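The residues of the chain are indexed from 1 along the displayed sequence. Predicted, not measured: the structure shown is a model, and the values here were computed from it.
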Amino acid sequence: MNRNKTKNFYYGDVGIGDQFPVTVQSMTNTDTRDIKKTIEQIKSLEAVGCDIIRLAVPDMEAALALKEIKAEVNIPIIADIHFDYRLALESIESGVDGLRINPGNIGNIERVRQIVEKCKEKDIPIRIGVNSGSIKKEFLEKYGGVNVNSMVESAMEHVRILEDMDFKKIVLSVKSTDIDMTLKSYEKLSEIIDYPLHIGITESGSIWKGTIKSSIGIGALLARGIGDTIRVSLTGDPIEEVKVGKQILRALGLLNDKIEVISCPTCGRTRIDLEGIVRKVEEKIDSMSKPIKVAIMGCEVNGPGEAKEADIGIAGGNGIGLIFKKGKIIKKVKEEELIDELVKEINKL
Ligand code: SF4
């Protein structure tokens with residue numbers, strides 16, 4: 001999949017930009033001042049593949065807590081700050097790898113300059129995050145409400161403040177709860193700047209609905225080559241955000257860390273517990289990383305033929321099952337041996 005050209009730099013040791021893989025980030029929902037709980041949550045997010053983590057910094061105690069948290073975790077930390085430049089400065093002192101702050105909201109250019117100078121000194125990026133709910137009144141009036149123009153113009157105002165201070169390690173996001181507006185805003189933005197883009201659909205909802213909405217929005221952008229890092233926003237455990245984010249990348253072929261499993265939807269011809277088989281096979285091969293496709297099909301009539309592009313697969317029968325490679329049957333086995341036989345064959349590949 002082609003990616004739009006963007007500038008390349010780092011959050012800690014994780015690269016961002018078109019020369020690096022698209023990363024998945026999330027945000028802790030623990031109280032940042034609760035150091036133990038926050039570290040625990042970050043470690044569990046690391047375990048499911050979170051690449052970068054963002055933490056809310058509501059006060060000085062949280063900014064100071066970042067130092068201890070940073071020392072215990074392995075992935076880059078971004079401090080999320082609203083308005084207060086002192087929290088930004090203290091967070092940088094605590095060793096964070098990036099900031100999320102909108103310079104136009106700080107209110108005093110000298111304070112912005114202090115943040116920028118410190119970011120330059122520590123070589124850390126700043127993400128400007130414009131949301132549909134936080135556009136300045138001036139732009140809402142100028143462009144007639146929340147729309148693509150007011151979103152993009154709002155982002156560009158923040159960008160110009162940083163560029164005027166000769167700061168170029170900028171990451172941008174222009175998120176809306178509306179998919180169409182989000183797509184058009186990112187498209188417009190990517191035509192006028194080449195800074196890496198953090199993409200997502202904001203406030204996308206509960207785990208089930210938000211997963212669908214985020215997958216459509218983020219997927220559509222990535223398919224157009226737009227996006228260098230993603231965040232799936234879900235009302236729920238951030239672990240789900242990371243799992244969904246990773247799966248979006250896998251579905252688009254942007255991440256190949258696991259074996260791809262395809263399976264049929266089942267129909268009146270199915271005589272085996274295909275759902276259970278799929279679940280068990282996925283569990284057994286979850287830790288394997290091979291560039292192969294495994295098919296799990298419900299019947300021997302259509303299964304091997306329908307899945308002939310798969311490297312290996314099984315098709316259920318009545319008490320028996322077939323194992324096939326590239327659509328050609330290689331073995332007939334008892335139903336209860338099907339999973340183990342399949343895993344054996346996968347191991348041989
Ligand atoms: Fe039905 Fe067989 Fe197709 Fe599965 S592979 S949907 S069981 S026809």
Show the numbers, then the answer: is there a side-chain hydrogen bond (donor to acceptor under 3.5 Å, both in side chains) between Asp228 and Thr6?
CA-CA 8 Å; Asp228 302 284; Thr6 50; 3.1 Å; yes
side-chain contact (heavy atoms from CB on, under 4.5 Å), that's the test. Do Ile75 and Ile52 meet it? Break it down for me.
CA-CA 6 Å; Ile75 54 175; Ile52 298 166; over 6 Å; no
Thr30/Thr38 under side-chain hydrogen bond (donor to acceptor under 3.5 Å, both in side chains): CA gap, chis, key distance, verdict:
CA-CA 6 Å; Thr30 51; Thr38 303; 2.9 Å; yes
side-chain hydrogen bond (donor to acceptor under 3.5 Å, both in side chains), that's the test. Do Thr229 and Gln25 meet it? Break it down for me.
CA-CA 7 Å; Thr229 183; Gln25 49 180 289; 2.9 Å; yes
Kindly determine whether Thr202 and Thr177 satisfy side-chain hydrogen bond (donor to acceptor under 3.5 Å, both in side chains), including the steps that lead there.
CA-CA 5 Å; Thr202 196; Thr177 54; over 6 Å; no
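Using a 4.0 Å cut-off between charged side-chain N and carboxylate O, Asp194 and Lys5 make no salt bridge. Lys122 and Asp97 are not joined by a salt bridge, as no carboxylate oxygen comes within less than 4.0 angstrom of a charged side-chain nitrogen. With salt bridges taken as basic N to acidic carboxylate O contacts below 4.0 Å, one links Arg231 and Glu241. Ion pair Arg160/Glu153 flagged as a salt bridge, since at least one NZ, NE, NH1 or NH2 atom sits closer than 4.0 Å to an Asp/Glu carboxylate oxygen. Salt-bridge annotation for Arg33 and Asp59: present, with a side-chain N of the basic residue lying under 4.0 Å from a carboxylate O of the acidic one. Between Asp340 and Lys284 there is a salt bridge, with a side-chain nitrogen of the basic residue lying less than 4.0 Å from a carboxylate oxygen of the acidic one. Ionic pairing of Glu336 and Lys334 is not present here: no N-O contact between side-chain nitrogen and carboxylate oxygen is shorter than 4.0 angstrom. Between Lys293 and Asp311 there is no salt bridge, since none of the side-chain N atoms of the basic residue sits less than 4.0 Å from a carboxylate O of the acidic one. Ion pairing between Lys280 and Glu283 fails under the 4.0 Å rule for side-chain N and carboxylate O. Using a cutoff of 4.0 Å between basic side-chain nitrogens and carboxylate oxygens, Lys213 and Asp178 are not scored as salt-bridged. Comment: Lys136 engages Glu157 in a salt bridge, judged by a side-chain N to carboxylate O separation of less than 4.0 angstrom. For Lys118 and Glu93, the salt-bridge test passes: some basic side-chain N is under 4.0 Å from an acidic carboxylate O. With respect to the salt-bridge test (charged N to carboxylate O, under 4.0 angstrom), the residues Lys168 and Glu163 do not qualify. Taking the charged nitrogens against the carboxylate oxygens, Asp18 and Arg3 have no contact shorter than 4.0 Å, which rules out a salt bridge. The pair Lys36-Glu40 meets the salt-bridge criterion, since a charged nitrogen lies less than 4.0 angstrom from a carboxylate oxygen. In summary, Glu345 and Lys348 engage in a salt bridge, as defined by a charged side-chain N under 4.0 Å from a carboxylate O.
Each of Ile135, Val159, Asn149 was compared with Ser154 under the side chain to side chain contact (heavy atoms under 4.5 Å, CB included) criterion, and only Ile135 meets it.
In this structure, Leu183 CG and Ile201 CD1 are separated by 6.5 Å, a value rounded to the nearest 0.5 Å. Separation of atoms OG (Ser289) and CG (Asn256) is listed at 8.0 Å; rounding is to 0.5 Å.
Side-chain contact between Leu342 and Ile312: present, with at least one pair of heavy atoms (C-beta onward) separated by less than 4.5 Å. Using a 4.5 Å cut-off on side-chain heavy atoms (C-beta onward), Ile16 and Val171 make contact. For the pair Met297/Asn302, no side-chain contact is recorded, criterion being any heavy-atom separation below 4.5 Å from C-beta on. Contact of the Val116 side chain with the Ile161 side chain is not registered, since no non-hydrogen atoms from C-beta on lie closer than 4.5 Å. Between His198 and Ile230 there is no side-chain heavy-atom pair separated by less than 4.5 Å. Proximity of Val174 to Lys188: side-chain heavy atoms (C-beta onward) are nowhere separated by under 4.5 Å.
Within a 6.0 Å radius of NZ in Lys331, more than 12 heavy atoms belonging to other residues, nucleotides or ligands are found. In the displayed structure, Arg250 atom CZ is contacted under 6.0 Å by more than 12 heavy atoms of other residues, nucleotides or ligands. Heavy atoms of other residues, nucleotides or ligands lying less than 6.0 angstrom from NZ of Lys37 number 12 at most. In the displayed structure, Lys308 atom NZ is contacted under 6.0 Å by at most 12 heavy atoms of other residues, nucleotides or ligands. Other residues, nucleotides and ligands place more than 12 heavy atoms under 6.0 Å from the OH atom of Tyr143. Environment of NZ in Lys290: crowded, with over 12 heavy atoms of neighbouring residues, nucleotides or ligands closer than 6.0 Å.
A donor-acceptor pair under 3.5 Å links the side-chain atoms of Glu46 to the main chain of Asn74, judged by distance alone.
Residues forming a ring-ring contact (aromatic ring centres under 6.0 Å, His included) with Tyr85 (at least two apart in sequence, or on another chain): none.
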